[in-house]
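Model, not experiment: these values are computed from the prediction.
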Amino acid sequence: MAPGLVDPHPAVAPETQRTLSSVTESYDDTLRFYLNGTKVVLDTADPEVTLLEYLRGIGLTGTKLGCAEGGCGACTVVVSQYNPTSKKIYHASVNACLAPLVSVDGKHVITVEGIGNVKNPHPTQERIAKSNGSQCGFCTPGIVMSLYALLRNNEEPSELEIEEAFDGNLCRCTGYRPILDAAQTFGAAKGCGKAKANGGGGCCRETGANGGAGGCCKGSKNGDADGDQPIKRFTPPGFIEYNPDTQLIFPPALRKHEYRPLAFGNKRKRWYRPTTLKQLLEIKSVYPSAKIIGGSTETQIEVKFKAMQYTASVYVGDIAELRQYKFEDDYLEVGGNVTLTDLEDLTQEAIKHYGKERGQPFEAIHKQIRYFAGRQIRNVGTPAGNLATASPISDLNPVLVATNAILVAKSLDKTTEIPMSTFFKAYRVTALEPDAIIAAIRIPVFKAKGEYMRAYKQAKRKDDDIAIVNSALRVRLGDDKVVEDASLVYGGMAPTTVGAKKAMAYLSGKKFTDPNTLEGVMNALEQDFALRFGVPGGMATYRKSLALGFFYRFYHEVLAELNPEDAEVDQDALAEIEREISKGYKDHTVGAAYEKKIIGKEQPHVAALKQCTGEAQYTDDIPVQKNELYGCLVLSTKAHAKILSVDYERAFDVPGVVDYVDHKDLPNPEANWWGAPNCDETFFAVDEVFSGGQPIGVVLATSAKIAEAGARAVRVEYEELPAIFTIEEAIAHESYFDHYRYIHNGDVEAAFNDPDNIVLTGIARMGGQEHFYLETNACVCVPKPEDGEMEVYSSTQNPSETQAYVAQVTGVAANKIVSKVKRLGGGFGGKETRSIQLAGICATAAKKTKRPVRCMLNRDEDILTSGQRHPFLARWKVAVTKEGKLQALDADVFNNGGWSQDLSGAVVDRALSHIDGVYRFPAVHVRGRICKTNTVSNTAFRGFGGPQGIFICENMMEEVADHLKMPVEQLREMNMYEANEETHFKQELKDWYVPLMWKQVKEESDYERRKTEVEKFNATHKWKKRGLSIIPTKFGISFTALFLNQAGALVHIYHDGSVLVAHGGTEMGQGLHTKMTMIAAEGLGVPLENVFISETATNTVANTSSTAASASSDLNGYAIWNACAQLNERLAPYRETLGPDATMKELAHAAYFDRVNLSANGFYKTPDIGYVWGPNTGQMFFYFTQGVAAAEVEIDTLTGDWTCRRADIKMDVGRSINPAIDYGQIEGAFVQGLGLFTVEESLWSRSNGQLFTKGPGAYKIPGFRDIPQEFNVSLLKDVNWENLRTIQRSRGVGEPPLFMGSCVFFAIRDALKAARKEWGVEDVLSLRSPATVERIRVSCADPIIQRAEVKPEAGEKSWFISI
C-alpha cells in the first residue's frame, strides 16, 4: 500500500505559523520530582546534565559512572512513576548516565542511598554483602538497585525473573554466582530450571519426556516428587526479612501530580516537555529539526561520544496519548512511545487475546525484545525511537517489516500511514517527514491457518548485545502448501533492514514441502547476500552463514508444524540452545580442620556492606576541592604520525576553559619520560605519536563537560607514517623491543633426531583482553602552598611508583609527595603501571595552575590509553613417542607489546616459565621476544603471561593427541609431573597435588559417565554438539623481579584498645584488607571489629611494591604478623600481670602509662628465591598454586551459539585465611578467563588504525547468563602442606584460577571436532583464542558454511584487524 492521506482533516486545527518561543511561551520552567522520599524543586536546572551528573553533583555518589553508554548498569537507579500504559505504579530501573534530568519530572527517583545504610541496610543490600556478592564494589549499587526494582514490581519473582533482572548489569570481579545466590533468596523457588514458569521449553514432567508425569530427569537427587511446586519464600538464617509493606512509598503528592508542559534551558540548549500530542505537533511544525527524545538511549551516546549538539530537544516520554494500545480485529495498535518493557508485556497479552496461531507476530516480537539490550534500556526505550534511529541491526525492525506493519505518522496538518516495507530509505534515513512523529504502529494479526513466522538473532553475547545478524521470516501457505506470500527480512546484512528479494520471489508459488524449495531459497539467499570479504562490519562468511542458517532452521520449524508425509523434518535444527536456571555448589566445611579464632573462617568482605549501600568512597567520590579544575586529555587519533602542529588556542574560546598543559610545562625534557623497567614512554607526545590514544596534552576547565568540549576544540595536524599492528607484521618487519630471554634445559636436538620419536609442529595464537575494571582510571591532585608538596589520590595498584613519577614531573623530592588510595573499583593489573600516566599528567597540571586537578577517564579514553592483556603467538615443535610420552619442546614465543615496552618483558618471561603447563618435558628450549607495534601499550593483566604460556602448552597437547589419535586426557595423565620432579627451570615441585586433584575432579564431576553421554548425544544430534574438557594448572607465586618481593606494615594500638593497620597493598576487591585485618586480629588476640585499615598511603608505609603477582597476602600478611609479634613482645609483661582475660584496652592503657611504644613497623621479604636467566640457576618461585577444572559445553553449529552446561573447579590454596574470599577470587577469575577464551575480542579499524572495541557496546565481557549453568567450586582439603612457609600456610589465589576458564575453550574445541566429524572432516583443528561465535561457526565444516564462504579478492583485506 502506498503512503497516502487517510485523514482529510489535519490532526489539529490549522493555525498560523508561529515561532518556537511563542508556541512554548506559556510552558512552565520548573522541574518537580521526589528524590529518596524528599520533594525537589529545580527552577535553574542545567539542560545539559544527565540524572547521574545531577545526583553525583549534589553528593549522592553511591550511583557510579562506569561507561556513560548504558552498557554496564553501574549507574542504575529506580524511577517510580504512574505508567499510563498499564495504569499502575511501575518502579523502573534506569541508567542514570543516559537519563536527561527532564525525564524525572513528576516521578520519584530512588538511589542506593535512599533504601538503606550500613546501620540500617535494606534486605537486598544486606544479602548481597553477606553472600560475598560484592568484591571491588563499584558495580554493586547498580546491581542492588536492579534487584530492588524487581522486588518492588514483583513480590514473589520466579527464579527466571530473578536471573534475568540483571541483564543490564555487568560485574568484573565476582563471577556473578554469589550475587545470584543472594538474589534467589527473595524468590518463590520453582523446582526445575526448564519449567515453563522459568522460561524453559517445559520440564520433562510437563512435556511427558522421561516417562511423563511419573519420571523426572532430576531423579530423586533434588527431593521428593513435589519438587516443582513453588516453595514459600523464606528468610535465610541471619538475614533481615524482606517486607514489601515497609518500602519507600510512592509519594501521595505525585499521584495527584499534574504534568505541565515544560520549557527550560540556556542559550546553548533548551529542553521542551509537551504533555499532549497537540503540543508536540505544534513544536514540530514550527521547528521540524527539534530532536525528539524518548528514552535518550541513542541520543545521549551521540552527545557524549560523537559531540552531537541538539539545541532544541523535545522529551516525549510523558505524553499519555502516545503510550496507549488497542486490540482491533485484525491488528494491534501500539502507541509509538510505549516502552519496550510494556511492549514485552503487551505481546504476551496479545497472544492470549488472539490465540497462538494468529498471535505469532507478537511471539516473534516478544522473543526479540527479551534479548534486546538490558532491562534498564527496555524500561525507557520505545518502538518509535527504535524505528526513527533506523539502525540496520535493530532487533525489532525486521519483525515489523516482515509482518507488513503500518506506521501511523502525524504532523500538525495531516496523518499519514507508512507501510514498514517502504520506511527505510538508506543508512539511517527514513520516509518520516521532518515535521512528523511516529504516533502509532499497527501490527497485523495472522490468519487462523496457514501463516507461519519466526524471528532469530545472533550476537557475540546472548544478553544485552547488539545483533550481528537478525531476521524475521514469514510464509503464508494455501491448503495445498503452496506459498502465497513470503517475507524474509534481515538485519545486519545491508545498510538498512532489508528483504531477501530474490529468495522471496523464488519462494512465491512454490510448494513449501518440496525439498527442492529449500535448496532453491538457499541458492537465492546466496545471491541476495553476496557480501564481499571487506564488507563494513567484517565477518562476511559468518554473516552469510547466519542468513542461510536462519532460513534452514525456519524451514524445518514450519515443516515440523505441517508434518507432511512427503518431506523429512531435520529435528535437530529446530530448537535453539536453551539455558537452565544456574546453580552451584561450594564446600563450606573446608576450613574446619585448621581454622583458628579468626583466621581460616569465612568472613564477608570487610567493606561489602558499605559498598552495597553506596557509602564506600572511590577516587572520584572524594568531595570537590575549592577552586578545583577538571582535566580532559587530548589524545592522538593516528596510529603512527608526525605531529605537525597543535592548535589549542581554539579551546580557550569555550567558556570555562582555564588552561592547556603539555610537555612544555614539565620542569625539563627528561621529566617527560616514564616507564618500568625501561623509561621509553612519554607523558605527553612531543614530535611524533606511536599509537591511537597517546596523550598529547590536557585541557583544564571548571567542569568535566567543559573540559571535554575544550579538548574537542584542539586541532592537531599530522603527517601519517606506516603503522604495524599484528605480531605477524612485526615479525615480517623485524620490529622488536630489545628484550630476549630463553630457557634451555636438556638436549632438544637429540630428541628431534631420534627416529623413534614423532616430531610435530604447530602455531598457537591467542588474542588480548581489555581489563574492563568497572571504575576507570581516576586521579585527584591537590597541591599544597608550601615546599612543592602535593597529595595525590589515584586509583592505582602502585602508590609508590605514582609518588616517584609525580615527584619527577613536579620537580621535587619524593618526600614532598603523598600518594594515597582508599580502594579501587577493580584493577586486574591494568592499574599497576598505566595509572601512572594519568597521575603524572594531573600532577603537572596541578603544579602549573596551583589548583587541585581532577580527572576520571571516560570508558573509551581508558581503553584507548590503558593497554590490554598481551596477544601471543607461538611456533612450537614437539618430539613425542608413539605411545604419547613427551620428549622435547622447542618454541619461539612472541607477544605484542604495543608501542612502548611497559611490563612486556616480564610478561613474556612468565609465559616461558609456564609453557610446560603441568607436564614433564625432558628437554626444553623456549625463546621469547616482544613485538613493537603501533597499538596501545599492553600491560599487566591477571595472570601476567602465565595463562598465555599454559595456553600454548594445552593447545599443543590437544593437537598432539589428535595427531596420535588418542584421548587428550590420557596424554595429559601420562605426562603429568610427579611430586619432587623438576620443572624446565630446575625448580622442584614440592607439595604437588595436581594429580590428586585431577583424580578428585574426574570423580566428583562424574567425568567418565558424562563423556559417554556426550558421545551418545553427538551421535544422535546433527546440529547440536557437546564437548567436555578437563584442564590442570600450576601458577608460580612471586614477582619475577627479585627486589619486589618485600613488604612493610605499620600497626598502631590506641588507648581504647582499637588497632589501626597500614600496609603496602591496595584494596581492589580481592579482599586484601579483609585478610590483613583478620591476620592482625589473630596476631594481637583482639576481636576483628577492633582492627581498622583506613587507606594505603606512601607516608605510612614507604617503598611499597605494586599490589600484584598474587603475592600481596603473603608479603603484607607476614609484615603485619611481624609487627604484631613486636607488639606482643612488649605487651607480654602486662598480659602476665593482668591475666589472660585482660582486654586490649586494659593492656594498652597499662603499657602507655609505662611509656611503652604501641606502634610497630613490620617487614617481610620472601626467602630462597633468586632465579638467574641464561644459566638457568636459582629458584624462580616461592611455591606454585595449583588447580584442576572440567567443563561441558553445548554448541549450536547452525549459528555458533553456545552455552557452558557445567563447570567443576578445584583449587589448592593451602590453608585458606578466609575461604569465602578465596571462593570469590576463584569464581571471578574463572569467569574472567572464560571471557578471555570465548567472547572477548579486541578489534582495530583498518581504515584509521583506531581501536574499535572501546566500550561495552562493542567489547563484550561475560554477563550474568554467560556463566556455567552449574558452577561447582571446591578447595583441596585433607592433605599436608609440609613445605609451604607462608602466612597460615595459605597460597596466593588472585591469578591462578584465571587459566581454568580455558577448559570452556577446550570443551568447545572438543564439540567442534564432533561437528566436523559429522561431515567427514577429521583433520587436526587449529582453533585460535578467543573462540568467538564467529570462529565456532566457521570451524564447523558443514555444507552451509562451505557454501557461505567468502574469499578475498586480490589485495582485499578484512574490515577489522584482529590482533
Glu1241 vs Lys460, test: salt bridge (charged side-chain N to carboxylate O under 4.0 Å, His left out). Steps then yes/no. CA-CA 10 Å; Glu1241 184 179 31; Lys460 292 179 182 179; 5.2 Å; no
Would you say the side chain of [Y] lies within less than 4.5 Å of the side chain of [X], judging by non-hydrogen atoms?
| X | Y | answer |
| --- | --- | --- |
| Thr517 | Lys481 | no |
| Ile468 | Val1333 | yes |
| Tyr176 | Phe166 | no |
| Thr76 | Asn95 | yes |
| Trp1202 | Thr1238 | yes |
| Asn169 | Phe1264 | yes |
| Met522 | Tyr555 | no |
| Val521 | Leu488 | yes |

How long is the gap from [atom1] on [X] to [atom2] on [Y], to the nearest 0.5 Å?
| X | Y | atom1 | atom2 | result |
| --- | --- | --- | --- | --- |
| Tyr506 | Gln527 | OH | CD | 11.0 Å |
| Ile1195 | Arg1026 | CD1 | CZ | 12.0 Å |
| Phe551 | Ile1344 | CZ | CD1 | 11.0 Å |
| Gln458 | Ser471 | CD | OG | 11.0 Å |
| Phe372 | Asp463 | CZ | CG | 13.5 Å |
| Met539 | Trp1359 | CE | CH2 | 12.5 Å |

Test item: side-chain donor near acceptor, [X] and [Y], under 3.5 Å:
| X | Y | result |
| --- | --- | --- |
| Ser1242 | Glu770 | no |
| Arg1246 | Ser1358 | yes |
| Asp570 | Tyr552 | yes |
| Thr341 | Arg375 | yes |
| Ser391 | Asn386 | no |
| Gln769 | Glu1240 | yes |

Can you check salt bridge (charged side-chain N to carboxylate O under 4.0 Å, His left out) on Asp1201 and Lys462, steps first, answer last? CA-CA 8 Å; Asp1201 198 16; Lys462 191 79 173 172; 3.6 Å; yes
Which residues satisfy the side-chain contact (heavy atoms from CB on, under 4.5 Å) test with Ala165, sequence neighbours excluded?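 Counting only residues at least two positions away or on another chain, Ala165 forms a side-chain contact (heavy atoms from CB on, under 4.5 Å) with Leu150.
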I'd like to check the ring pair (Phe, Tyr, Trp, His ring centres under 6.0 Å) partners of Tyr452; sequence neighbours left out, ordered by chain and number.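 Testing Tyr452 for ring pair (Phe, Tyr, Trp, His ring centres under 6.0 Å), a comparison that skips the adjacent residues, returns none.
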Tyr354: ring pair (Phe, Tyr, Trp, His ring centres under 6.0 Å) partners, not counting sequence neighbours: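 In terms of ring pair (Phe, Tyr, Trp, His ring centres under 6.0 Å), with neighbours along the sequence ignored, Tyr354 is linked to Phe327, Phe362.
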Using atom types as modelled and distance alone, determine if a side-chain donor or acceptor of [X] lies under 3.5 Å from a backbone N or O of [Y].
| X | Y | value |
| --- | --- | --- |
| Arg323 | Val338 | no |
| Asp860 | Gly1255 | no |
| Glu1356 | Gly534 | yes |

Ring centroid separation Phe1252 to Tyr1259 under 6.0 Å: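 Judged by ring-centre distance (under 6.0 Å), Phe1252 and Tyr1259 do not meet the cut-off.
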Lys/Arg-Asp/Glu bridge criterion (N-O < 4.0 Å) met for Glu451, Arg474: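 A salt bridge links Glu451 with Arg474.
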Counterpart residues, side chain to side chain donor-acceptor pair (under 3.5 Å), relative to Thr497 (two or more places apart):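 Thr497 satisfies side chain to side chain donor-acceptor pair (under 3.5 Å) with no residue once adjacent residues are dropped.
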For Arg461, enumerate each residue passing the side chain to side chain donor-acceptor pair (under 3.5 Å) test, keeping only those at least two apart in sequence or located in another chain.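 With neighbours one apart ignored, the set is empty.
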For Glu69 and Arg859, run salt bridge (charged side-chain N to carboxylate O under 4.0 Å, His left out): C-alpha distance rounded to whole Å, both residues' side-chain angles, the deciding distance at 0.1 Å, then the answer. CA-CA 9 Å; Glu69 56 177 271; Arg859 176 63 59 187; over 6 Å; no
Between Asp464 and Lys1260, is the salt bridge (charged side-chain N to carboxylate O under 4.0 Å, His left out) condition met? List the steps. CA-CA 9 Å; Asp464 190 12; Lys1260 299 298 166 184; 5.5 Å; no
Among Leu518, Thr513, Leu574, which residue meets the side chain to side chain contact (heavy atoms under 4.5 Å, CB included) test with Leu559?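 The single option meeting the side chain to side chain contact (heavy atoms under 4.5 Å, CB included) with Leu559 is Thr513.
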Of Val469, Val1350, Val498, which meets side chain to side chain contact (heavy atoms under 4.5 Å, CB included) against Phe529?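 Answer after filtering Val469, Val1350, Val498: Val498.
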Below 30° counts as parallel, above 60° as perpendicular, anything between as tilted: where do the rings of Tyr490 and Phe550 land?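 Geometry flag for Phe550 against Tyr490: parallel rings.
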Pairs involving residues 291-301, ordered by first then second residue, that meet side-chain hydrogen bond (donor to acceptor under 3.5 Å, both in side chains) (sequence neighbours left out):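 Qualifying pairs: Glu298-Arg428.
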